[in-house]
Amino acid sequence: MAAAAGNWRRTHTCGELRHTDVGKTVTLNGWVAARRNHGGIYFIDLRDRYGLTQVVLDEKLSATVKLGGEYVISVTGPVHARDAANVNPDRETGRIELVAERLEVLSPSRTPAFVIDGDEEVSTETRLKFRYLDLRRSAMQKNLAHRARLISAMRKAFEAQGFIEVETPILTKATPEGARDYLVPSRVHPGEFYALPQSPQIFKQLLMVAGLDKYFQVARCFRDEDLRADRQPEFTQLDMEMSFVEEEDVFAVWEQVMRETWRAAMGLELKLPFPRLRWEEAMERFGVDKPDLRFGLELKDLAPWASTSGFGVFTGALAAGGRVMGLAVPAPHALSRKDITGLEEVAKGLGASGLAYWKAAREGSSGPLARFVPDAASAERLMTLLGAREGDTCLFAAGDQDMVRKVLGELRVQLGKRFSLADKSIQAFAWVTHFPLFEYDKDAGRWFSAHHPFTAPEDWTLGGESADPAQLASRSYDLVYNGWELGSGSVRIHRPDVQERVFQILGITPEERQRKFGFFVEALASGAPPHAGFAMGLDRIVALSLGMDNIREVVAFPKTASAADLMCEAPSPVAPEQLAEVHIRTVVPG
RNA sequence: GGGGAUGUAGCUCAAUUGGUUAGAGCGCCGGCCUGUCACGCCGGAGGUUGCGGGUUCAAGUCCCGUCAUCCUCGCCA
């Protein structure tokens, strides 16, 4: 190091000097956030991660340097108390100022693309292009600090429960099921590819076979699918797995982790245990697999009334094996004819043929359905089924069960938002369990795992040879929070015979299975303990805990909706030599 | 892949029915100013109206295409 180095180094940060420091001679380093030149006296607001401190220059000193916005400087001088008239009560450091005796420009700055401390909302495009400036804003620094606190709290909570953190490969093997893989060509093996992990799923199960017993990892995951506000092509999971356990053991660990995390990062005390409800119950009561439990407005089965209603659409739906369901919007929340037309559009968009409604009343009810509710007894019966009171607006859907649930589930969500039904003081965590094991894909003409192919079935026999895969429940579960899915997991298959049977139902041939999962099946046959795990979407939970709905705000260097990095301009073409090295020839359409 | 919104100065936005030399605030540059803290005052520079084509006497404005950003459906075991 040069002999002169060190005299510019800070003794304090820009956020910590107080009235009690008056008289000390200090050195601050930071960015020039604002300049106020009064000719004979010159003020600088000096910024760093910790705050803002006013620096005062006299004419002599200010004349020696040319300062621009965002210049990085070092200033040394005594801390002075401000006169009462000059105190700035809006700033932590507002009672003092640093009177500079030495000022050094450590690094000049080009004119920034936007004003760092400005009030104007800068476009996402500009923010991402100059992300290093965007991250200089205190709001972004707070977000990242909050993220770090939350991750740290989770790490501590897992470690306290005896979990060990293990890193798993980023260069791994392509998987046939699930999301599209990001591929990486191999130089050494011409024509072959690694894949970036969609999750560390297989590795964490292998760690259980290895006997690691309690694993966790802050794991980066990659999925080459289209983006959303809450989805980036690379994202972070808090991933975990444990051995010799079942659902309740995993729930207990996570409930403890969430309680400690919420306490440390948010200062909130969570009530344990979280409620559990089976997937089937969630779908029946709320129409969705991630219900917002902060308000009611539940879906009700109206078959007992509908079957004798005389309304052809309803009786027809029931006769065809479908459902007639409804929900009651409490009377204070009025829905106009126009509102209902809007909701009907939503319903139609989701496959409903229409949206019947009824203004509940024992006498003189109204709405298109009123003529099918001819008397007080009939009205009473319907209102009881709906849990409706006098004056409530009741909405109905009839038809195929999946469609009816989807329509009313969506209406429930929209009405909840519209009328702010959710009690904001509630932290509504819940475990949704026993999702279906398989889903049928009409286009592909085969069954797919609803969760992933290593998920244990509720019944180890898989219902026998003749079972209908659609009817099988799995031992998978989601953690739901205020209507958001935070993460999911399952009890895994630890028996090779059951794993074989699942592959069989998925239509994966023995050759294919051997090629793609051979090592994994062998591992399961090499002493696999019963095990189960869970992974939480970290970006989502950090954003949610900050009251934000876009995870870009909590990711340091996120990508745009077209998966581009506007700052470093990735992806980008590469030199032909580089392609040749990895045996790639590109064929670009057009 | 589909749908919707947006694109004008470095940033955030305005510009009537298609009609003069495309404006404002902030930022930037120059000057003045000893108590400001969004300092103030005076002056100034800065535009391929995303790009390409078309209609028109005339296009930021209308039409077609295209690109980018945002939201969203499909997709995301």
Side-chain angles (χ1 to χ4, degrees), chain A residues 33-47 52-60 62 66 68-70 80 82-91 93-95 97 99 109-130 133-134 175-181 197-199 201-202 221-233 235 346 349-350 410 435-439 441 443-444 447-455 474 476 485 488-490 502 506 508 535 537 549-550 552 558-564 566 569 590:
Chain A
R35 294 156 287 159
R36 293 178 290 277
N37 184 357
H38 291 253
I41 188 167
Y42 190 117
F43 300 98
I44 297 168
D45 288 339
L46 195 62
R47 177 198 338 104
L52 279 179
T53 298
Q54 174 164 284
V55 175
V56 187
L57 310 182
D58 63 21
E59 200 165 8
K60 224 172 88 187
S62 66
K66 166 84 186 71
E70 301 306 317
H80 280 206
R82 299 198 199 179
D83 292 345
N86 292 329
V87 164
N88 184 344
D90 299 330
R91 281 191 195 159
T93 59
R95 294 180 66 192
E97 61 198 5
V99 179
S109 171
R110 29 182 280 172
T111 301
F114 53 88
V115 183
I116 305 296
D117 304 291
D119 297 330
E120 277 171 345
E121 195 169 320
V122 181
S123 72
T124 306
E125 198 169 354
T126 304
R127 290 177 58 199
L128 291 187
K129 191 167 174 189
F130 302 96
L133 297 180
D134 190 37
T175 51
E177 300 268 315
R180 197 175 292 114
D181 285 317
Q198 297 172 25
S199 79
Q201 184 61 37
I202 286 181
C221 305
F222 307 84
R223 292 176 191 178
D224 187 4
E225 298 291 347
D226 287 345
L227 284 72
R228 288 288 186 284
D230 61 352
R231 255 160 46 193
Q232 285 273 310
F235 60 99
V346 173
L350 295 171
E410 176 62 26
F435 280 64
L437 188 59
F438 299 112
E439 282 164 1
D441 183 324
D443 299 333
W447 294 95
F448 281 86
S449 292
H451 186 49
H452 58 59
F454 318 114
T455 304
S474 74
S476 65
E485 179 205 321
S488 57
S490 62
V502 167
L506 291 174
I508 298 175
D549 47 18
N550 199 309
R552 261 195 301 263
K559 292 182 174 54
T560 67
S562 64
L566 295 181
E569 297 183 315

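Just so it is clear: chains get the letters A, B, ... in the order the sequence lines come, proteins before strands, and each one is counted from 1. Values below: every heavy atom of this structure, side chains too, minus hydrogens, waters and symmetry copies.
Side-chain proximity of A:N88 to B:rC11, B:rC37, B:rG35: nearest is B:rC37. The A:R231 side chain lies nearest to B:rC75 when the options are B:rC75, B:rU69, B:rG35. Taking the side chain of A:K66 as heavy atoms from C-beta on, and the options B:rC33, B:rC29, B:rC71, the nearest nucleotide is B:rC29. The side chain of A:E97 has B:rG35 as its nearest neighbour among B:rG35, B:rC71, B:rC76. For A:T560, whose side chain is taken as the heavy atoms from C-beta onward, the closest listed nucleotide among B:rC39, B:rC70, B:rA38 is B:rC70. With distances taken from any side-chain atom of A:R82 to the nucleotides B:rG35, B:rC76, B:rU72, the minimum falls on B:rG35. Listed nucleotides B:rC11, B:rG30, B:rC76 differ in distance to A:A179; the shortest reach to its side chain belongs to B:rC76. Listed nucleotides: B:rC70, B:rC28, B:rU12. Nearest to the side chain of A:T111: B:rC28. Among the nucleotides B:rC71, B:rC76, B:rG35, the one closest to any side-chain atom of A:R552 is B:rC71. Out of B:rC11, B:rC37, B:rC28, the shortest distance to the side chain of A:R35 is found at B:rC28.
The base-pairing partner of B:rA68, taking Watson-Crick or G-U wobble contacts with both distances under 3.5 Å, is B:rU6. When Watson-Crick and G-U wobble pairs are counted only if both distances are under 3.5 Å, B:rG74 pairs with no nucleotide at all. If you check B:rA22 for Watson-Crick or wobble pairing at under 3.5 angstrom, you find it has no partner at all. When Watson-Crick and G-U wobble pairs are counted only if both distances are under 3.5 Å, B:rU16 pairs with no nucleotide at all. The partner of B:rC37, taking Watson-Crick or G-U wobble pairs whose two distances both stay under 3.5 Å, does not exist in any strand shown.
Taking atom C1' in both B:rC41 and B:rC33, one finds a spacing of 8 Å when rounded to whole Å. B:rG60 and B:rG23 are spaced 13 Å apart, taking the P atom of each and rounding to whole Å. A distance of about 12 Å separates the C1' atoms of B:rG10 and B:rG47, rounded to the whole Å. Nucleotides B:rA45 and B:rG50 are separated by 24 Å at their P atoms, to the nearest Å. B:rG2 and B:rU8 have their P atoms separated by 25 Å, given to the nearest Å. Here the separation of B:rG19 from B:rA5, taken at their C1' atoms, is 29 Å to the nearest Å. For the P atoms, the distance from B:rA9 to B:rG35 is 38 Å, rounded to whole Å. Atom C1' of B:rU69 sits at a distance of 24 Å from the matching atom of B:rC63, rounded to the whole Å.
Here the P atom of nucleotide B:rG35 and the CD atom of A:Q54 are 13 Å apart, to the nearest Å. Summarising the geometry, the separation between CG on A:L133 and P on B:rC11 is reported as 12 Å, rounded to the nearest angstrom. Taking atom CG on A:D117 and atom P on B:rC26, their separation rounds to 17 Å, with Å as the unit. Per the geometry, CD belonging to A:Q198 stands 16 Å off P belonging to B:rC75, to the nearest Å. In this structure, A:L57 places its CG atom 14 Å from C1' of B:rC37, rounding to the nearest Å. Rounded to an integer number of Å, the gap from A:K60 NZ to B:rU34 C1' is 16 Å. If you measure from atom CG of A:L227 to atom C1' of B:rC73, you get 15 Å, rounded to the nearest angstrom. The separation between A:F435 atom CZ and B:rC76 atom C1' is 15 Å, rounded to whole Å.
A:A450 comes within contact range of the sugar-phosphate backbone alone, with a heavy-atom separation under 4.0 Å but no base atom that close. Among the protein residues, A:N37 comes within range of the nucleic acid bases, having at least one heavy atom under 4.0 Å from a base atom. Contact annotation for A:L52: no contact, since no heavy-atom pair falls under 4.0 Å across all strands. Within 4.0 Å (heavy atoms only), A:S562 reaches sugar-phosphate atoms of the nucleic acid but no base atom. Looking at heavy-atom distances under 4.0 Å, A:T455 makes no contact with the nucleic acid at all.
Note that the CZ atom of A:R180 and the CD atom of A:E225 stand 4.5 Å from one another [nearest 0.5 Å]. The line from OG1 of A:T124 to CG of A:N550 is 7.5 Å long, rounded to the nearest 0.5 Å. To the nearest 0.5 Å, atom CG of residue A:L133 and atom CD1 of residue A:I116 are 4.5 Å apart. The structure places OG1 of A:T560 at 8.0 Å from CZ of A:R552, a figure rounded to the nearest 0.5 Å. Taking CG of A:L437 as the start and OG1 of A:T455 as the end, the distance is 7.0 Å to the nearest 0.5 Å. The CZ atom of A:R91 sits 9.0 Å away from atom OG1 of A:T53, with the distance rounded to the nearest 0.5 Å.
Residue-to-nucleotide contacts include a donor-acceptor pair under 3.5 Å from the side chain of A:R228 to the base of B:rG74. Between the base of B:rU34 and the side chain of A:R36 there is no donor-acceptor pair shorter than 3.5 Å. Counting atom types as modelled, A:D226 pairs a side-chain N or O with a base atom of B:rG74 as donor and acceptor under 3.5 Å. The base of B:rG50 does not come close enough to the side chain of A:E125 for any donor and acceptor atom to sit less than 3.5 Å apart. A:E59 contributes no side-chain N or O that forms a donor-acceptor pair with the base of B:rU34 under 3.5 Å.
Mapped onto RNA chain B by nearest heavy atom, A:T126 and A:G40 fall at different nucleotides, with A:T126 at the one closer to the 5' end.
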| said: Walk me through whether A:R47 and A:E70 qualify under salt bridge (Lys or Arg N to Asp or Glu O under 4.0 Å). | reply: CA-CA 9 Å; A:R47 177 198 338 104; A:E70 301 306 317; 2.7 Å; yes
| request: Test A:R231 against A:D226 for salt bridge (Lys or Arg N to Asp or Glu O under 4.0 Å), laying out the working first. | output: CA-CA 8 Å; A:R231 255 160 46 193; A:D226 287 345; over 6 Å; no
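For the pair A:F43 and B:rU36, the ring geometry qualifies as stacking, because the centroid separation is below 5.5 Å while the planes lie within an angle under 30°.
For A:R223, the CZ atom counts as densely surrounded, since its 6.0 Å shell holds more than 12 non-hydrogen atoms of other residues, nucleotides or ligands.
Contact between the side-chain N/O atoms of A:N550 and the OP1/OP2 oxygens of B:rC71 is found at a separation under 4.0 Å.
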